[in-house]
Amino acid sequence: MATYDLVVIGTGPGGYVCAVRAAQLGLKVAVVEKRATLGGTCLNIGCIPSKALLHASEAFHEAGHGFAAMGVNVPAPTLDLAKMMTFKDEGVDGNVKGVDYLMKKNKIDVHNGAATITGPGQIRVSRATAEPTDITTKAIVIATGSDVTPLPGVTIDEERIVSSTGALTLPKVPGKLVVVGGGVIGLELGSVWSRLGADVTVVEFLDRLLPGMDGEVAKQFQRILAKQGFSFKLSTKVTGIDSSGPVLKVTTEPAAGGAAEVLEADVVLVAIGRRPYTEGLGLESVGVALDARGRIVTDGHYATNVPGIYAIGDVIAGPMLAHKAEDEGVAVAEILAGQAGHVNYDVIPGVVYTSPEVASVGKTEEELKAAGVAYNVGKFPFTANGRAKVNRTTEGFVKVLADAKTDRVLGVHIIGPDAGTLIAEAAVAMEFGAASEDIARTCHAHPTLSEAVKEAALAVDKRAIHM
Ligand code: FAD
Ligand code: NAI
């Protein structure tokens, strides 16, 4: 029977990164994965394929709308959706193979199959086509991720009523796409299909998009998406979908109650959140505690209530983000190797990869107000940034929130070109406990979009130069 120092269940960004770091630190490591390929939700049906389609659909849209203004005359683009899907699939395949390579390079054993924890340090790996095998280990890290939250009363068939998974493989562009949920998935995948020609309506339960993101950013984002052709029905809930006819009939109601309305759709994307995935792990029998939302309860060291069993990533509390899972994977591996692994939950960036991008790190204005923290705001629009101006990507702004007494940066919120890359500077600054003055006094190359971050930091002290 194979015996290890560590067995990681699940090979998403949490699991595979944990395995690599533990192997680097000298542990004998194995991973168990029930999906046919490694890489988890992120690489197979999440971050990577969605970004491939966002990239390709943006190129399609640009070719049709932005090229001529630069004097690049091309015939009106035509869409070869099958080819675009191949582009996506090849990108996924390349990334997945990268994880295979990392497992080999770090001498990590890969057990294909579904893991069940049968006792302390005991894991059974089951496969459809072979007898189960048992492995023993000193420590277990559960990194089984998350799954789609269903909409009560609605059956997802992944053809006409789809989750994000089906929305990544639609065989043709829907005429009308109704998106249930104005969160990250709805707006990213809604953008993909909108750019390819779908008429997109987003039905959101709350009175705003992207709950949790800075309110001013979310408002501006909604305006920009509306200009791009999105329709929004906020403070509205979907109460049922009739799929008996050739056109889907989506019944909605005001969230607070009221008269029902019916929207017609060719495809409905249900994107109302994700929930932790623990099915089949045998947690009840070994006594691992879950919280009210089904997440595995862990302490500050990712330990569950059962000795020797740890958990990280989407399956525990915190933002469901790949980089959060990765950093937890590194931290728990270091803890298991006797080091002091740690994740700073105050500085986890969040990015929406639309056009323009939306990015955020640290506290929002709403959070600071609720906590009674006095803060100063520095804001700088991309209309006043030379590079954005010349590129004609001037929508959006950078907002720096700094402590009124100490000037320490508490949050940075960006909507605009390359916001997802720009936010890294803010994250590094915050990790080092920077004041807005530190960013303001740092020389930023010209002409770059990053100058907007510097100018927003200057604006905290009302001394932005280009505004
Ligand atoms: P997962 O990636 O979910 O991996 C868990 C793995 O465990 C799976 O492969 C599963 O098969 C396996 N598993 C489960 N149970 C068992 C078992 N019993 N035995 C063996 N294996 C098992 N995040 C970002 O940061 N940026 C993005 O751009 C982004 N885009 C996204 C787009 C979409 C459409 C979706 C759905 C998600 C996106 N996310 C994004 C979120 C990101 O995918 C998750 O936060 C991340 O994958 C979580 O990593 P994880 O390691 O915790 O779990
Ligand atoms: P989400 O939590 O971002 O958004 C769900 C939205 O649906 C919310 O606005 C919520 O108010 C709304 N909602 C909930 N119930 C509803 C109902 N019955 N009717 C109408 N609206 C309803 O969840 P989403 O978009 O499904 O994404 C899941 C997770 O995946 C997120 O937590 C996110 O962190 C992660 N993800 C991250 C990405 C990124 O980092 N770029 C991209 C895609 C997903």
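Just follow the structure's listing: the first ligand is 1, and inside any ligand the first atom is 1. Just so you know, these numbers come straight off a predicted model, no measurement behind them.
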Between the side chains of [Y] and [X], is the shortest nitrogen-to-carboxylate-oxygen separation below 4.0 Å, so that they form an ion pair?
X      : Y      : result
Arg160 : Asp266 : no
Lys233 : Glu204 : no
Lys28  : Asp5   : no
Glu264 : Lys249 : yes
Asp93  : Lys97  : yes

Pairs of nitrogen or oxygen atoms closer than 3.5 Å, one from [X] and one from ligand 2: do any exist?
X      : answer
Val184 : yes
Glu188 : yes
Glu204 : yes

Which one holds for [X] and ligand 2: side chain close, backbone close, both close, or neither close, with close meaning a heavy atom under 4.0 Å?
X      : answer
Leu321 : side chain
Leu210 : neither
Val148 : neither

Of [options], which has the heavy atom at the shortest distance from [atom]?
atom                    : options                       : answer
atom 4 (O) of ligand 2  : Ala255, Gly183, Ser50         : Gly183
atom 43 (O) of ligand 1 : Cys42, Gly313, Ala143, Gly46  : Cys42
atom 44 (C) of ligand 2 : Leu54, Ile185, Ile272, Val270 : Ile185
atom 27 (C) of ligand 1 : Cys47, Gly10, Ala36           : Cys47
atom 24 (C) of ligand 1 : Ala322, Gly420, Gly12, Gly318 : Ala322

Are side-chain N/O atoms of Tyr4 and Asp109 paired as donor and acceptor at under 3.5 Å?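 The criterion, which ignores hydrogens and geometry beyond distance, is satisfied for Asp109 and Tyr4.
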Identify the closest protein heavy atom to [atom]: which residue and atom is it, and at what distance?
atom                    : value
atom 52 (O) of ligand 1 : Asp314 N, 3.0 Å
atom 39 (C) of ligand 2 : Val351 O, 3.4 Å
atom 18 (N) of ligand 2 : Leu151 CD1, 3.6 Å
atom 23 (O) of ligand 2 : Gly273 CA, 3.3 Å
atom 19 (N) of ligand 2 : Val180 CG1, 3.8 Å
atom 33 (C) of ligand 2 : Met320 O, 3.8 Å
atom 5 (C) of ligand 2  : Ala271 O, 3.5 Å

Please could you name the atoms of ligand 1 that Ser164 approaches to less than 4.0 Å, counting only its heavy atoms?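 Counting atoms of ligand 1 from 1, those under 4.0 Å from Ser164 are 34 (C), 36 (C).
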Distance in Å, Arg35 CZ paired with Leu38 CG, rounded so as to fall on 0.5 Å steps: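 If we round to the nearest 0.5 Å, Arg35:CZ and Leu38:CG are 10.5 Å apart.
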Answer whether the closest heavy-atom distance between the side chains of Ser235 and Phe205 falls below 4.5 Å.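 No, their side chains stay 4.5 Å or more apart.
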Do Tyr302 and Ile316 have side-chain heavy atoms sitting under 4.5 Å apart?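 Yes, close enough: below the 4.5 Å cut-off.
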Measuring from the heavy atoms of Pro319, does anything fall under 4.0 Å of ligand 2?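 It does not; every heavy atom stays at 4.0 Å or beyond.
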Between Ser50 and ligand 1, which part of the residue brings a heavy atom under 4.0 Å of the ligand: side chain, backbone, both or neither?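 The part of Ser50 near ligand 1 is the side chain, not the backbone.
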Is there any N or O on Lys51 that sits under 3.5 Å from an N or O of ligand 1?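 There is such a contact, yes.
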Ignoring hydrogens, tell whether any protein atom lies closer than 4.0 Å to atom 31 (C) of ligand 2; use the non-hydrogen atoms only.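 So atom 31 (C) of ligand 2 lacks protein heavy-atom neighbours under 4.0 Å.
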